Engineer: 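Got a structure for you, written out below as structure tokens; questions coming shortly.
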There are 2 protein chains.
Amino acid sequence: MTQPKRRPGPKRALSEGGVLDAALTLMDADGPDAASIRRIAAALGVSPNAVYTYFPDKSAIEQALVERLLGELNRAAYNGGEWRTDVEALALDLRSRLTAHPGAVPLLLGGAMNGPEALLLGERLLEVLARAGLPAEAAARAAYLVMVYVLGAIALEVADVPQAGALAPEPDRIAARRAAMAHVPAETFPRTAAAVDVMSGWIGTEQFLWGLRRVLDGLTRGPV
Amino acid sequence: MTQPKRRPGPKRALSEGGVLDAALTLMDADGPDAASIRRIAAALGVSPNAVYTYFPDKSAIEQALVERLLGELNRAAYNGGEWRTDVEALALDLRSRLTAHPGAVPLLLGGAMNGPEALLLGERLLEVLARAGLPAEAAARAAYLVMVYVLGAIALEVADVPQAGALAPEPDRIAARRAAMAHVPAETFPRTAAAVDVMSGWIGTEQFLWGLRRVLDGLTRGPV
DNA sequence: CCCCATTTCTGTACGCCGTGCAGAGTTATC
DNA sequence: GATAACTCTGCACGGCGTACAGAAATGGGG
């Protein structure tokens, strides 16, 4: 029950968590670039440099933000049943948390996957995959592969959000995608044009799960 | 043999391609942020706004840069043999071109995958996968899946380059990764710590290919 | 109880960034 | 040769991250 270890100086007007809250809110509302230090400070009613009391620089804010999102994911329960359904649940959970905050995705892929929560996520994934009966080396490689797929799918899914914060509802996004693809010239891209109808499921939960299941199939049914 | 259609006005001191060359050079030397309009102009010996004669804004430069890289990939020959080796060759080619210019990877994932060269790449991938004997719908989904894997793997691989331009040689990167992972506490992350040795192959060509083959296995050997 | 070291926040300033705008110089066409 | 089109320059604006110096607030040691 250690006290917060008060040291001299005036009471803090902000908190690390409050800064992250403000950053996330701004990002969700006006895109990733809206989470600037100056705007965060303005939203909190302090001068820009007050933020530097809580984080040494902007990259520390980004790192902490990613860690918070991954931490929430890691704290969420997963049932511990069949390993495939556990992997799917974990992947779907990560996906829904990241698509809820599209601005955070570039941070994840930009190298912020090194904190303790990222390690813990990998550990959890390893635990689940261990139950698939894979040899140790294959399990480690498999965890990385699953991570690559999940993050790649989310990144591509989030990539073509105009620049606003939150993603549109899934049916709207599918319709927009289909409309965008409707104009591909069939003479130069015959196969792509022919696939437009099929692609209605792209960038949707269904395609995400389909791909994940193919990956898991490849892990268990492939040679060696 | 249509002339370049000279219109009134002084001779152009630059060219679109020259701007892209300068941007790529700067990016490779000093990281993605070095490719600023002002620095590009300085490298070319013109005033910053001269660049706006050739591209309407910075995002157009980024888009054109991605299109150039994908165009070179699309112009490269692939043998047209067994479909698996063709997919692998295409993936390895894309990977080597992107790791040669790590700064371009965030642009790709940031939504610049909509140009004609990106479409053509998808078309080529569809053509190769058609030879795998997949039904049309599965082939379309599979092309997207392969793209997700390849881009995700490259993104994660490039993510932890400090911030310099070019990637270090592969053995150095593997050693650095291993050194970084050597300090994970075994009591909190037992499986991760135990996997450190195995992970020497991560972020390497071998792991990239291993993952790709598992994906291809999942496409052909999975149920339905 | 009071001083002082410590911490928090403010204000100013610097060097970047992308880019809008006005203008000067160059060139092909009539 | 006049004119219209085009290229490039210079200046300016607002925004960014953040270094630096200083004022106000606070708790602990004498």
Side-chain angles (χ1 to χ4, degrees), chain A residues 2-20 22-23 25-27 29-65 103 106-107 110-112 162-163 165, chain B residues 2-20 22-23 25-27 29-65 103 106-107 110-112 162-163 165:
Chain A
T2 59
Q3 291 264 57
K5 186 61 186 313
R6 281 287 282 132
R7 318 248 272 127
K11 283 190 281 192
R12 320 186 101 194
L14 278 43
S15 70
E16 282 82 356
V19 172
L20 295 184
T25 303
L26 283 169
M27 221 177 56
D30 294 326
D33 293 349
S36 70
I37 289 196
R38 296 174 115 101
R39 278 204 260 239
I40 293 171
L44 295 171
V46 296
S47 107
N49 282 9
V51 176
Y52 287 91
T53 306
Y54 303 88
F55 295 95
D57 54 23
K58 189 187 164 97
S59 77
I61 300 180
E62 298 171 343
Q63 176 94 23
L65 213 145
L107 307 181
Q163 94 273 25
Chain B
T2 58
Q3 293 265 52
K5 183 64 186 306
R6 284 285 283 128
R7 318 250 271 125
K11 283 189 282 192
R12 319 186 104 195
L14 278 44
S15 70
E16 283 82 355
V19 172
L20 296 184
T25 303
L26 283 169
M27 221 177 54
D30 294 324
D33 293 349
S36 70
I37 289 195
R38 295 174 114 101
R39 278 205 259 240
I40 292 171
L44 295 171
V46 296
S47 107
N49 282 10
V51 176
Y52 286 91
T53 305
Y54 302 89
F55 296 95
D57 55 23
K58 190 185 165 95
S59 76
I61 300 181
E62 298 172 343
Q63 176 94 22
L65 213 146
L107 307 183
Q163 93 273 23

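Side chains included, hydrogens not; waters and symmetry mates left out as well; all remaining heavy atoms used. Only a predicted model underlies this, so the values are computations on that prediction, with no experimental measurement involved. Letters go in sequence order (proteins before strands), and every chain restarts at 1.
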Engineer: To check you understand the geometry: which heavy-atom pair defines the closest contact between B:Ala34 and B:Asp30, and what is its length?
Structural biologist: CB-CB, 3.5 Å
Engineer: Mind jotting down which residue pairs meet the side-chain hydrogen bond (donor to acceptor under 3.5 Å, both in side chains) criterion with at least one end in residues 47-60 of chain A? Sequence neighbours excluded, please.
Structural biologist: A:Asp57-A:Ser59
Engineer: Considering non-hydrogen atoms only, spot the tightest contact between A:Ala22 and A:Ile40 and give its length.
Structural biologist: CB-CG2, 4.1 Å
Engineer: Using atom CD of A:Glu62 as one end and atom P of D:dC16 as the other, report the distance to the nearest whole Å.
Structural biologist: 14 Å
Engineer: How close do B:Ile37 and B:Pro48 get, counting heavy atoms only, and between which atoms?
Structural biologist: CG2-O, 3.8 Å
Engineer: Test of understanding: with side-chain contact (heavy atoms from CB on, under 4.5 Å), list the residues that count as partners of A:Ala64, not counting sequence neighbours.
Structural biologist: A:Leu20, A:Phe55
Engineer: Could you tell me which non-hydrogen atom of A:Ala23 sits nearest to which non-hydrogen atom of A:Ala35, and how far apart they are?
Structural biologist: O-CB, 3.8 Å
Engineer: Tell me every residue that passes side-chain contact (heavy atoms from CB on, under 4.5 Å) with B:Ala50, counting only those two or more places apart in sequence or in another chain.
Structural biologist: B:Val46
Engineer: Under 4.0 Å from any atom of DNA chain D, heavy atoms only: list the residues of residues 33-44 of chain A that qualify, in numerical order.
Structural biologist: A:Ser36, A:Ile37, A:Arg38, A:Arg39
Engineer: Name all residues meeting the side-chain contact (heavy atoms from CB on, under 4.5 Å) criterion together with B:Asp33; count only those two or more places apart in sequence or in a different chain, and write none if there are none.
Structural biologist: none
Engineer: Could you list, one pair per line, each protein nitrogen or oxygen that sits under 3.5 Å from a nitrogen or oxygen of nucleotides 4-8 of chain C, together with the distance?
Structural biologist:
unit_1 : atom_1 : unit_2  : atom_2 : d
C:dT7  : OP1    : A:Arg7  : NH1    : 3.3
C:dT7  : OP1    : A:Arg7  : NH2    : 2.3
C:dT7  : O4'    : A:Pro8  : O      : 3.1
C:dT8  : OP1    : A:Arg12 : NE     : 2.9
C:dT8  : OP1    : A:Arg12 : NH2    : 3.0

Engineer: Please report the distance, rounded to the nearest Å, between NZ in A:Lys58 and C1' in D:dG15.
Structural biologist: 12 Å
Engineer: Specify the separation, in whole Å, of atom CG of A:Asp30 and atom P of D:dG15.
Structural biologist: 14 Å
Engineer: Using atom CZ of B:Phe55 as one end and atom P of D:dC8 as the other, report the distance to the nearest whole Å.
Structural biologist: 13 Å
Engineer: Quick one: on DNA chain D, does B:Ser47 or A:Asp57 contact a more 5' nucleotide (nearest heavy atom)?
Structural biologist: B:Ser47
Engineer: Output the single nucleotide from D:dT9, C:dT19, C:dT10 whose closest atom is nearest the side chain of B:Val46.
Structural biologist: D:dT9
Engineer: Within this structure, what is the OH-to-P distance between A:Tyr52 and D:dA21, rounded to whole angstrom?
Structural biologist: 17 Å
Engineer: Which atom names give the shortest non-hydrogen contact between B:Pro56 and B:Ala60, and what distance separates them?
Structural biologist: CD-CB, 3.6 Å
Engineer: Calculate the interatomic distance between A:Leu26 atom CG and D:dG15 atom P; express it in whole Å.
Structural biologist: 14 Å
